[in-house]
**Q** 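For reference, the structure I am asking about is given below.
Quick note: residue numbers are just sequence positions, from 1.
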Amino acid sequence: GYLCPYREGGMWVGTNEGLVRMMPQTLRVFSKADGLPEDNVYPIYEDSGGRVWAGIWENSVVQFEGRNFKTILRTQETYYPSSFFEDRSGRFWMGTIDHLYYFDKGKLVKFTEEVGFSAPQTEFSVITQDRDNNLWFGTSLGLSRYSGIQATVFTKKDGLPDDYIIALLPTADGKIWVGTRGGLASIEHGKIKTFTTADGLASNYIRGLYEDSDRVLWIGSYDGGDRK
């Protein structure tokens, strides 16, 4: 499932059988009966205004409004949404299994080529922003750093363990941690350092990254967990 913390103290969990809201004392499953166009929920994101966004496969974007979900977009561009992100300027981004878009007054603007990718079927699986306001886009074809003016693309040829990026995490020390299907990498001042099972990871297939309040890095994978 896809996880998203909820500001009211719980967690949203996306599954192929609906969207689950887990609260300290309750658990509720939202489905088509509650306004979802389908039950297959993939990316979930809570924006700065407290609105909860969910990408519904095959091709819908919905928002949670108090008790139910409302479909806000259902077009050819919304097929298979794979990631959401709101940057510090308030721009809201959406990645799909084919392209990258941002929302402008409720409409989608395609932005795939501006961040360095022109091939069709480029999955934008994760989006984040570092402390210098660079945007980072993890895709099935590599990693893009977008400064707002130009894009720099990193691939296996540049030192990444794999081109398929699944997780990204900017940490307090200024590094960008990158989880791939072939191992873990850190990027600092443009230099890439990689880590694999040969370095003690439980698995090379990295699924999630998290930095706690003690600045410990937690690494989730298909075959176990690690901390660094």
**Q** Is there a path of hydrophobic side-chain contacts, each under 4.5 Å between heavy atoms, that joins Leu135 and Leu168?
**A**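 In one cluster: no.
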**Q** Can you give me the closest heavy-atom contact between Ala202 and Ser221, atom names plus distance?
**A**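 Closest heavy-atom pair between Ala202 and Ser221: CB-OG, 4.3 Å.
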**Q** With a 4.5 Å cut-off on side-chain heavy atoms, are Thr128 and Leu169 touching?
**A**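 No, too far: nothing below the 4.5 Å cut-off.
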**Q** Within the 4.5 Å heavy-atom criterion, are Val13 and Ile44 side-chain neighbours or not?
**A**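 Val13 does not reach Ile44 side chain to side chain.
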**Q** Let me confirm one number: the CG-OG1 distance from Asp163 to Thr155, rounded to the nearest 0.5 Å.
**A**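 So the CG of Asp163 and the OG1 of Thr155 are separated by 5.0 Å.
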**Q** Indicate, with yes or no, if Val126 and Leu143 share a hydrophobic cluster defined by side-chain heavy-atom contacts under 4.5 Å among Ile, Leu, Val, Met, Phe, Trp and Tyr.
**A**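 In one cluster: yes.
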**Q** If you take the centroid of each ring, where Trp contributes its six-membered ring, are Phe69 and Trp53 closer together than 6.0 Å?
**A**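 Between Phe69 and Trp53, which both carry aromatic rings, the centre distance is not below 6.0 Å.
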**Q** According to a 4.5 Å side-chain heavy-atom criterion applied to Ile, Leu, Val, Met, Phe, Trp and Tyr, with indirect links allowed, do Leu160 and Tyr164 form part of one hydrophobic cluster?
**A**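 No, Leu160 and Tyr164 fall in different hydrophobic clusters.
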**Q** Determine, using the 4.5 Å side-chain heavy-atom cutoff (strictly less than), whether Ile219 and Ile192 are members of one ILVMFWY cluster.
**A**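 They do not share one cluster, since no chain of ILVMFWY contacts under 4.5 Å joins Ile219 to Ile192.
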**Q** When you measure from the side chain of Asp39 to the backbone of Asn16, do you find a donor-acceptor pair of N or O atoms at a distance under 3.5 Å?
**A**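 Not at all, since once roles are kept as given, no pair shorter than 3.5 Å links the two residues.
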**Q** Do the two ring centres, one from Trp93 and one from Phe124, sit under 6.0 Å apart?
**A**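 Here the rings of Phe124 and Trp93 have centres that are no less than 6.0 Å from each other.
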**Q** Would you find a donor on one side and an acceptor on the other, under 3.5 Å apart, between the side chain of Asp214 and the backbone of Val216?
**A**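 Not at all, since once roles are kept as given, no pair shorter than 3.5 Å links the two residues.
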**Q** With a sphere of 6.0 Å drawn around CE of Met23, does it hold more than 12 non-hydrogen atoms of other residues, nucleotides or ligands?
**A**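 Count over threshold, so yes.
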**Q** The criterion is ring-ring contact (aromatic ring centres under 6.0 Å, His included); which residues satisfy it with Tyr101, sequence neighbours excluded?
**A**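 Expected list: none.
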**Q** Do Met94 and Val61 come close enough that some side-chain heavy atom pair is under 4.5 Å?
**A**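 Result yes, sub-4.5 Å side-chain heavy-atom pair found.
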**Q** Return yes if a side-chain donor-acceptor contact under 3.5 Å exists between Ser48 and Glu86, otherwise no.
**A**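 Result is yes, a qualifying pair exists.
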**Q** Is it the case that Ser60 and Arg74 place a side-chain donor and acceptor less than 3.5 Å from each other?
**A**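 Yes, a side-chain donor-acceptor pair sits under 3.5 Å.
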**Q** Taking Gln129 for its side chain and Arg88 for its backbone only, find out whether a donor-acceptor pair lies under 3.5 Å.
**A**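 Between the backbone of Arg88 and the side chain of Gln129 there is a qualifying donor-acceptor contact (under 3.5 Å).
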**Q** Compare every heavy atom of Asp104 with every heavy atom of Val109, then report the nearest pair and how far apart it is.
**A**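 Answer, listing the atom of Val109 first, then Asp104: CG2-CB, 3.9 Å.
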**Q** Would Leu184 and Trp177 satisfy side-chain contact (heavy atoms from CB on, under 4.5 Å), going step by step from the backbone distance to the final call?
**A** CA-CA 7 Å; Leu184 179 69; Trp177 289 89; 3.7 Å; yes
**Q** Test your reading of the model: is there a side-chain donor-acceptor pair from Asp87 to the backbone of Gly90, 3.5 Å cut-off?
**A**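 Flag set: sc Asp87 to bb Gly90 pair under 3.5 Å.
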**Q** Do the side chains of Val178 and Ile187 get nearer than 4.5 Å, heavy atoms only?
**A**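 Ile187 reaches Val178 side chain to side chain.
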**Q** For the pair Glu38 and Glu58, evaluate side-chain contact (heavy atoms from CB on, under 4.5 Å) and give the outcome as yes or no after the intermediate values.
**A** CA-CA 8 Å; Glu38 301 292 340; Glu58 294 177 340; over 6 Å; no
**Q** Using the test ring-ring contact (aromatic ring centres under 6.0 Å, His included), find all partners of Phe85 that sit at least two apart in sequence or belong to another chain.
**A**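 Partners of Phe85 under the ring-ring contact (aromatic ring centres under 6.0 Å, His included) test: none.
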**Q** Specify the closest pair of heavy atoms between Arg207 and Ala167, including all atoms of both residues, with the distance to one decimal.
**A**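 For Arg207 and Ala167, the tightest heavy-atom pair comes out as O-CB, 4.0 Å.
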**Q** In the single-linkage hydrophobic clustering (I, L, V, M, F, W, Y; side-chain heavy atoms under 4.5 Å), do Ile206 and Ile176 co-cluster?
**A**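 No, no single cluster joins them.
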**Q** Per the side chain to side chain donor-acceptor pair (under 3.5 Å) rule, what does the pair list look like for residues 136-150, sequence neighbours excluded?
**A**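 Sorted pair list: Asp130-Trp136.
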**Q** The criterion is side-chain hydrogen bond (donor to acceptor under 3.5 Å, both in side chains); which residues satisfy it with Glu46, sequence neighbours excluded?
**A**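 Testing Glu46 for side-chain hydrogen bond (donor to acceptor under 3.5 Å, both in side chains), a comparison that skips the adjacent residues, returns Arg7.
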**Q** How long is the span from the CG atom in Leu19 to the CG atom in Asn40, to the nearest 0.5 Å?
**A**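 Answer rounded to 0.5 Å: 11.5 Å.
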**Q** Could I get the full list of side-chain contact (heavy atoms from CB on, under 4.5 Å) partners for Ala172, not counting sequence neighbours?
**A**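 Glu211, Arg215.
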**Q** Is there any side chain to side chain donor-acceptor pair (under 3.5 Å) pair reaching into residues 180-194, and which pairs are they, with sequence neighbours excluded?
**A**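 For residues 180-194, and leaving out neighbouring residues, the side chain to side chain donor-acceptor pair (under 3.5 Å) pairs sorted by first residue read Arg181-Tyr205.
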**Q** Specify the closest pair of heavy atoms between Pro161 and Ala185, including all atoms of both residues, with the distance to one decimal.
**A**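 Shortest heavy-atom contact: CD-CB, 3.7 Å.
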**Q** Hey, what do you get for CG (Leu141) to CD1 (Ile165), rounding to the nearest 0.5 Å?
**A**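 Leu141 CG to Ile165 CD1: 10.0 Å, rounded to 0.5 Å.
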**Q** Verify whether one side chain among Thr96 and Asp98 offers a donor that lies under 3.5 Å from an acceptor in the other.
**A**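 Note: Thr96 and Asp98 side chains miss the donor-acceptor criterion.
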**Q** Less than 4.5 Å apart, side chain to side chain, heavy atoms only: is that true for Tyr42 and Phe84?
**A**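 Answer no - side chains too far apart.
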**Q** Of all residues at least two apart in sequence or in a different chain, which pass the side-chain hydrogen bond (donor to acceptor under 3.5 Å, both in side chains) check with Arg51?
**A**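 Residues passing side-chain hydrogen bond (donor to acceptor under 3.5 Å, both in side chains) with Arg51: Asp47.
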**Q** With rounding to the nearest 0.5 angstrom, report the OH to CG distance, Tyr102 to Leu108.
**A**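 Answer for the OH-CG pair, Tyr102 versus Leu108, is 10.5 Å.
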**Q** Mind checking what makes side-chain hydrogen bond (donor to acceptor under 3.5 Å, both in side chains) contact with Asp212, not counting sequence neighbours?
**A**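 For Asp212 the side-chain hydrogen bond (donor to acceptor under 3.5 Å, both in side chains) partners, ignoring immediate neighbours, are Trp218.
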**Q** According to side-chain contact (heavy atoms from CB on, under 4.5 Å), who are the partners of Arg131, at least two apart in sequence or on a separate chain?
**A**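 Once residues adjacent in sequence are excluded, Arg131 has no partner under the side-chain contact (heavy atoms from CB on, under 4.5 Å) criterion.
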**Q** Mind listing the side-chain donor-acceptor pairs of residues 111-118 below 3.5 Å, one per line with the distance, residues two or more places apart or on another chain?
**A**
from   : atom 1 : to     : atom 2 : distance (Å)
Thr112 : OG1    : His99  : ND1    : 2.9
Thr112 : OG1    : Leu100 : N      : 3.0

**Q** Checking Ser82 side chain against Gly95 main chain: does a donor-acceptor pair fall under 3.5 Å?
**A**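 Side chain of Ser82 to backbone of Gly95: a pair is present.
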**Q** May I ask you to test the Val41-Leu36 pair for a side-chain heavy-atom distance under 4.5 Å?
**A**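 Heavy-atom side-chain distance check passes, below 4.5 Å.
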**Q** Would you mind reporting whether Val62 and Thr71 have side-chain heavy atoms less than 4.5 Å apart?
**A**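 Yes, at least one pair of side-chain atoms sits under 4.5 Å.
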**Q** Drop me the distance from Ser83's OG to Ile127's CD1, to the nearest 0.5 angstrom.
**A**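 Answer for the OG-CD1 pair, Ser83 versus Ile127, is 3.5 Å.
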**Q** Going by side-chain hydrogen bond (donor to acceptor under 3.5 Å, both in side chains), name the residues that satisfy it together with Arg21, two or more places apart in sequence or in a different chain.
**A**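 side-chain hydrogen bond (donor to acceptor under 3.5 Å, both in side chains) list for Arg21, sorted by chain: empty.
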**Q** Please list, chain by chain and in numerical order, all residues satisfying ring-ring contact (aromatic ring centres under 6.0 Å, His included) with Tyr80, sequence neighbours excluded.
**A**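 Only Trp57 meet the ring-ring contact (aromatic ring centres under 6.0 Å, His included) criterion with Tyr80.
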**Q** Taking the side chain as every heavy atom from C-beta outward, state whether Trp12 and Phe64 have any pair of such atoms under 4.5 Å apart.
**A**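 With C-beta onward as the side chain, the pair touches.
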